[in-house]
Visitor: 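My structure is below; once you've seen it, I'll send some questions.
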Amino acid sequence: MSTFDKGLAALADDMLATMYDAPGIGLAAPQVGVMDRLLVMDCVKEEGGTPEPMVLVNPQVVWESDERSVYEEGCLSIPGQYADVERPKMVRVTWQDLEGKAQEQEFDELWATCVQHEIDHLDGVLFIDYLKPLKRQMITRKMQKLKREQARE
Ligand SMILES: O=C(O)C[C@@H](Cc1ccccc1)[C@H](O)SCc1ccccc1
Ligand SMILES: [Zn+2]
């Protein structure tokens with residue numbers, strides 16, 4: 001593998017460890033301060049199932065269903081805040097894996113929510129950007145208060 005890939009593979013490993021530790025089912029590179037178009041997900045199908053870590057480089061949504069579904073989303077970057085977000089129920093995503101090989105897969109339900117949530121992070125979009133202004137403002141204020149308190153510690 002070229003050094004570029006080695007760097008991505010090492011980053012992906014760190015992100016997967018961070019994600020499992022959170023715990024979470026998804027994490028995007030900007031959340032760990034790296035402005036790469038890379039995200040990791042673990043679409044474990046059933047409780048206690050074998051982990052299926054996925055690494056998506058340059059992911060793109062190429063199709064989304066008209067049908068939408070609502071999921072109460074949280075975010076590792078906005079701890080303790082949750083809100084209902086409506087998104088397309090199914091999406092088809094293309095990406096490159098760490099070997100640079102083109103991949104394509106359709107996601108539905110929670111995994112569609114997760115991959116859209118993570119791709120949003122790559123574009124600097126957070127789930128609170130979908131909320132009504134009042135609700136978004138409430139959460140933003142809480143985060144600012146939390147940061148002030150943490151700064152004082
Ligand atoms: O902040 C992140 O990107 C990690 C998010 C990903 C996510 C948010 C909403 C819905 C699906 C995925 C979460 O912190 S991962 C935590 C989690 C765990 C189980 C189910 C849903 C969310
Ligand atoms: Zn998030």
Side-chain angles (χ1 to χ4, degrees), residues 1-45 49-64 71-88 90-131 135-153:
M1 287 208 282
S2 73
T3 39
F4 174 72
D5 297 339
K6 272 203 197 89
L8 278 189
L11 171 65
D13 279 351
D14 284 355
M15 287 172 58
L16 280 164
T18 305
M19 181 190 79
Y20 287 123
D21 184 53
I25 55 171
L27 196 65
Q31 292 182 276
V32 295
V34 176
M35 301 321 284
D36 273 337
R37 293 195 70 77
L38 178 140
L39 66 90
V40 296
M41 279 199 313
D42 185 338
C43 298
V44 177
K45 297 283 182 275
T50 39
E52 288 174 38
M54 295 180 79
V55 179
L56 283 67
V57 178
N58 298 321
Q60 285 189 317
V61 174
V62 292
W63 171 82
E64 58 182 44
Y71 191 90
E72 189 185 30
E73 298 195 14
C75 182
L76 299 181
S77 306
I78 310 180
Q81 306 302 320
Y82 300 89
D84 282 351
V85 177
E86 187 190 285
R87 297 180 189 269
M90 290 187 285
V91 285
R92 176 169 284 281
V93 179
T94 61
W95 70 93
Q96 287 97 43
D97 62 21
L98 286 173
E99 284 69 46
K101 187 164 163 284
Q103 303 286 347
E104 179 163 339
Q105 186 177 328
E106 202 162 287
F107 296 92
D108 68 2
E109 300 299 340
L110 176 57
W111 316 122
T113 295
C114 181
V115 74
Q116 291 177 81
H117 178 110
E118 301 311 335
I119 292 175
D120 271 352
H121 272 296
L122 304 183
D123 300 328
V125 174
L126 296 176
F127 80 91
I128 57 171
D129 296 328
Y130 296 97
L131 307 183
K135 174 84 176 155
R136 183 171 59 240
Q137 210 175 53
M138 240 170 59
I139 291 180
T140 308
R141 287 229 175 92
K142 275 191 198 153
M143 292 292 67
Q144 286 160 346
K145 185 167 172 287
L146 192 70
K147 279 198 174 48
R148 278 199 302 277
E149 281 159 4
Q150 283 167 343
R152 263 204 293 275
E153 272 161 22

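Start at 1 with the first residue, then count along the sequence.
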Visitor: Are Arg92 and Val61 close enough that some pair of their side-chain heavy atoms sits under 4.5 Å apart?
Guide: no

Visitor: With rounding to the nearest 0.5 angstrom, report the CD1 to CG distance, Ile119 to Asn58.
Guide: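 Rounded to the nearest 0.5 Å, the CD1-CG separation comes out at 10.5 Å.
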
Visitor: Any idea which heavy atoms bring Pro51 and Tyr20 closest together, and the distance?
Guide: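 Closest heavy-atom pair between Pro51 and Tyr20: CB-OH, 3.8 Å.
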
Visitor: Please report the closest heavy-atom contact between Leu122 and Asp36, naming both atoms and the distance.
Guide: CD2-O, 3.8 Å

Visitor: With a 4.5 Å cut-off on side-chain heavy atoms, are Pro79 and Leu146 touching?
Guide: yes

Visitor: Go through the steps to decide whether Lys145 and Lys142 satisfy the test side-chain contact (heavy atoms from CB on, under 4.5 Å), and finish with yes or no.
Guide: CA-CA 5 Å; Lys145 185 167 172 287; Lys142 275 191 198 153; 5.6 Å; no

Visitor: Is there a side-chain contact between His121 and Ser77 (heavy atoms, below 4.5 Å)?
Guide: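 They are in contact (side-chain heavy atoms under 4.5 Å apart), so the answer is yes.
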
Visitor: Just how far is it from atom CG of Leu27 to atom NE2 of His117, taken to the nearest 0.5 Å?
Guide: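 Answer rounded to 0.5 Å: 9.0 Å.
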
Visitor: Just verifying a value: how many Å separate Leu8 CG and Asp97 CG, rounded to the nearest 0.5 Å?
Guide: 11.0 Å

Visitor: Looking only at heavy atoms, what is the nearest atom pair of Asp129 and Arg136, with distance?
Guide: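 Minimum heavy-atom contact is O-NH1, 3.4 Å.
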
Visitor: In the structure I gave you, are the side-chain heavy atoms of Ile128 and Gln81 within less than 4.5 Å of one another anywhere?
Guide: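 A side-chain contact is absent here, since even the closest heavy-atom pair is not under 4.5 Å.
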
Visitor: Taking the side chain as every heavy atom from C-beta outward, state whether Met15 and Leu38 have any pair of such atoms under 4.5 Å apart.
Guide: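 Heavy-atom side-chain distance check passes, below 4.5 Å.
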
Visitor: First locate atom OG1 of Thr94, then atom CD of Gln103, and finally report the distance between them rounded to the nearest 0.5 Å.
Guide: 10.5 Å

Visitor: Quick one: does any side-chain atom of Gln116 pair with a main-chain N or O of Pro88 as donor and acceptor, under 3.5 Å?
Guide: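 Yes, because the side chain of Gln116 sits within donor-acceptor range (under 3.5 Å) of the backbone of Pro88.
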
Visitor: Measure across Phe107 and Ala112 and return the closest heavy-atom pair with its distance rounded to 0.1 Å.
Guide: O-CB, 3.5 Å

Visitor: Side-chain contact test, heavy atoms from C-beta onward, threshold under 4.5 Å: evaluate it for Asp14 versus Val32 and give yes or no.
Guide: no

Visitor: Evaluate Gln105 against Met54 for side-chain contact (heavy atoms from CB on, under 4.5 Å), listing each step before the verdict.
Guide: CA-CA 11 Å; Gln105 186 177 328; Met54 295 180 79; 3.5 Å; yes

Visitor: Would you say the side chain of Tyr71 lies within less than 4.5 Å of the side chain of Arg87, judging by non-hydrogen atoms?
Guide: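 Answer no - side chains too far apart.
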
Visitor: Do you know which two heavy atoms are closest between Gln31 and Cys75, and how far apart they sit?
Guide: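 Nearest pair, atom of Gln31 first, then Cys75: NE2-SG, 3.9 Å.
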
Visitor: What residues, two or more places apart in sequence or in another chain, satisfy side chain to side chain contact (heavy atoms under 4.5 Å, CB included) together with Cys114?
Guide: Ile25, Met41, Glu118

Visitor: How far apart are the closest heavy atoms of Ala12 and Leu98, and which atoms are they?
Guide: CB-CD1, 4.3 Å

Visitor: Does any part of the side chain of Trp95, heavy atoms only, come nearer than 4.5 Å to the side chain of Leu39, both counted from C-beta?
Guide: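 No. Closest side-chain heavy atoms not under 4.5 Å.
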
Visitor: Rounded to the nearest 0.5 Å, what separates atom CD in Glu73 from atom CD in Glu86?
Guide: 11.5 Å

Visitor: What's the spacing between Phe127 CZ and Asp84 CG if we round to 0.5 Å?
Guide: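 Taking CZ in Phe127 and CG in Asp84, the distance rounds to 10.0 Å.
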
